[in-house]
Number of protein chains: 2
Amino acid sequence: MKKSLADKIEQYLKVLIDRSEEKQIEIQRTELAETFSCVPSQVTYVISTRFQEKFGYRTESRRGGKGFVRITRFTISSDICTINDAEKFFQLINELEENKMLDPKESSMLKHIVLSVSSTLKDEDRQHLYNSVARALNEYLNLNQ
Amino acid sequence: MKKSLADKIEQYLKVLIDRSEEKQIEIQRTELAETFSCVPSQVTYVISTRFQEKFGYRTESRRGGKGFVRITRFTISSDICTINDAEKFFQLINELEENKMLDPKESSMLKHIVLSVSSTLKDEDRQHLYNSVARALNEYLNLNQ
DNA sequence: CTTTATTTGACTTTCTTTGTCTATTATAAT
DNA sequence: ATTATAATAGACAAAGAAAGTCAAATAAAG
């Protein structure tokens, strides 16, 4: 397969992430664009298509002077949580966020809390947690229009 | 991350606060500006963007001769270890809301979810839930300053 | 040939830096 | 005591420095 520019940038970033201690890198969009002699929005394109949550990456960024894009690879260690349920729960939250039922902060707060709490539970309790939180959240959102 | 000047000043102040006995410092805006070779309003900018109530800081100041800016880090008084019933949990949430660490919507959403989930649990699991959610929430709020 | 993915560029938003002008307060002068 | 002066900090706005958005043009895949 002939590698597109997007593929090359993707690979470049993934190598950087793999090599990094924290499985996390920070880049400057403009700088990276210069490295690959392309427009900055090309970098945005690569990040938004290849480094989504569903692929195990999270991104944050800051605009303005000394701005950056941070990409983190998160690994859900399969022995601690049943990927299936956590994943479905995350999916639900993401959907709700997309549909503007949840703000980004609310969304990330819920994810953090549920993930953290679930890690203290036994397998069957964990499953119950995802389920009951999802139902409670649904109920709350219905009650509040 | 390439640190902006604002980031550096922020970090400097946070170190000072952490080291202080009372989690409180007093600085002179002009002096600090000189230390960092910048205009005084840069210091104002850092303080107003990074040391807001929602991040757990309060500021006071006085103009004129012997003027100062005082920054206080306030900590949530509730001891998380003892959060093991609904009442204490709700108290914590209310406190966080008063301190602007949580919006009203976030606050009521959390209450609803935790109450609803807890109603499906046995007594000892319920205790555990309040406690682990409180911990996770605290962790989240700390991570996001 | 149609559909999907990539590339590009113009425009927008956010965050930072700097500067100017205003408000407040302690102190010195009257 | 009253007033003037100097020493602060605050408010606000302009300029600068990134990143984001969106849609049109192009290329690749089916």
Side-chain angles (χ1 to χ4, degrees), chain A residues 1-14 16-17 24-55 57-72 94 97-100 103-105 107-108, chain B residues 1-14 16-17 24-55 57-72 144-145:
Chain A
M1 173 186 58
K2 190 147 187 290
K3 278 217 180 68
S4 67
L5 177 53
D7 291 334
K8 287 177 196 155
I9 296 176
E10 174 190 6
Q11 191 177 40
Y12 176 80
L13 291 175
K14 286 187 172 167
L16 286 188
I17 294 170
Q24 173 176 290
I25 57 170
E26 275 172 13
I27 56 158
Q28 295 211 270
R29 194 181 73 145
T30 316
E31 195 179 83
L32 186 57
E34 261 159 29
T35 307
F36 283 89
S37 308
C38 63
V39 292
S41 49
Q42 174 75 311
V43 175
T44 304
Y45 172 72
V46 171
I47 288 169
S48 67
T49 55
R50 324 290 223 256
F51 294 88
Q52 302 169 10
E53 283 219 359
K54 62 179 173 196
F55 302 134
Y57 296 91
R58 231 181 302 109
T59 60
E60 306 156 89
S61 69
R62 197 168 67 184
R63 306 182 183 188
K66 300 289 193 312
F68 61 85
V69 178
R70 178 184 306 143
I71 308 177
T72 313
N94 288 339
E97 188 182 338
E98 266 167 43
N99 294 331
K100 308 274 191 248
D103 295 340
K105 187 188 162 192
S107 161
S108 73
Chain B
M1 176 179 54
K2 271 187 190 159
K3 282 219 180 67
S4 65
L5 178 54
D7 291 334
K8 289 176 194 155
I9 297 176
E10 173 190 7
Q11 193 177 40
Y12 177 81
L13 291 174
K14 285 187 172 168
L16 286 188
I17 294 170
Q24 174 176 290
I25 56 170
E26 272 176 21
I27 56 156
Q28 295 213 276
R29 195 181 71 143
T30 317
E31 194 180 83
L32 186 56
E34 262 159 29
T35 307
F36 282 89
S37 309
C38 64
V39 291
S41 48
Q42 174 76 307
V43 175
T44 304
Y45 172 71
V46 171
I47 288 169
S48 68
T49 54
R50 321 289 223 260
F51 294 88
Q52 302 169 12
E53 284 222 348
K54 64 178 173 199
F55 302 134
Y57 296 91
R58 254 189 237 109
T59 59
E60 307 154 89
S61 69
R62 197 169 64 190
R63 307 181 183 190
K66 302 281 186 353
F68 63 86
V69 178
R70 175 158 50 223
I71 308 177
T72 312
N144 301 269
Q145 261 97 31

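Below, read A as the first sequence line, B as the second, and so on, with proteins coming before strands; counting in each chain starts at 1.
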Inter-residue atom distance A:Leu32.CG - A:Leu13.CG, 0.5 Å rounding: 5.5 Å
Euclidean distance, atom CD of residue A:Gln42 to atom P of D:dA24 [Å, nearest integer]: 19 Å
B:Lys66 side-chain N/O to C:dT27 phosphate OP1/OP2 under 4.0 Å: yes
d(CD, A:Glu34; C1', D:dA17) in whole Å: 13 Å
Between A:Ser61 and A:Arg70, a side-chain donor and acceptor under 3.5 Å: no
Among C:dT6, C:dG9, C:dT17, the nucleotide that comes nearest once only the side chain of B:Ala6 is considered: C:dT17
Distance in angstrom units between A:Leu32 CG and D:dA18 P, rounded: 14 Å
B:Lys2 NZ - C:dT17 P separation (whole Å): 13 Å
Nearest-Å distance for atom pair CZ/C1', residues B:Phe36 and C:dT17: 15 Å
Rounded interatomic separation in angstrom, taking NZ from A:Lys3 and P from D:dA28: 15 Å
Sugar-phosphate only, base, or nothing, as touched by A:Arg50 at under 4.0 Å among non-hydrogen atoms: sugar-phosphate
Electrostatic pair B:Lys2:B:Asp7 at N-O distance under 4.0 angstrom: no
Side chain of A:Thr30 - closest among D:dA18, C:dT16, D:dA9: D:dA18
Value in whole Å for how far the P atom of D:dA28 lies from OH of A:Tyr45: 13 Å
Sidechain-backbone polar pair: A:Ser107 side chain, A:Asp103 backbone, donor-acceptor under 3.5 Å: no
Check: B:Gln28 side chain, B:Gly67 main-chain N or O, donor-acceptor pair, under 3.5 Å: yes
Between the protein and nucleotides 10-13 of chain D, which nitrogen or oxygen pairs are less than 3.5 angstrom apart?
residue: D:dG10; atom: OP1; partner: B:Ser61; partner atom: OG; Å: 3.0
residue: D:dG10; atom: O4'; partner: B:Arg63; partner atom: NE; Å: 3.4
residue: D:dG10; atom: O4'; partner: B:Arg63; partner atom: NH2; Å: 2.7
residue: D:dG10; atom: N7; partner: B:Arg29; partner atom: NH1; Å: 3.1
residue: D:dG10; atom: N7; partner: B:Arg29; partner atom: NH2; Å: 3.1

Touch class at under 4.0 angstrom, heavy-atom based, for A:Gly67 against every strand present: sugar-phosphate
Pairing residues for B:Lys3 by the side chain to side chain donor-acceptor pair (under 3.5 Å) criterion, not counting sequence neighbours: none
Separation of atom CD1 in B:Ile9 from atom C1' in C:dT17, rounded to whole Å: 10 Å
Pairwise 5' ranking along DNA chain C for B:Gly65 and A:Cys38, keeping only the more 5' one: A:Cys38
Expected output: side-chain A:Glu31 to main-chain A:Ile27 donor-acceptor under 3.5 Å: no
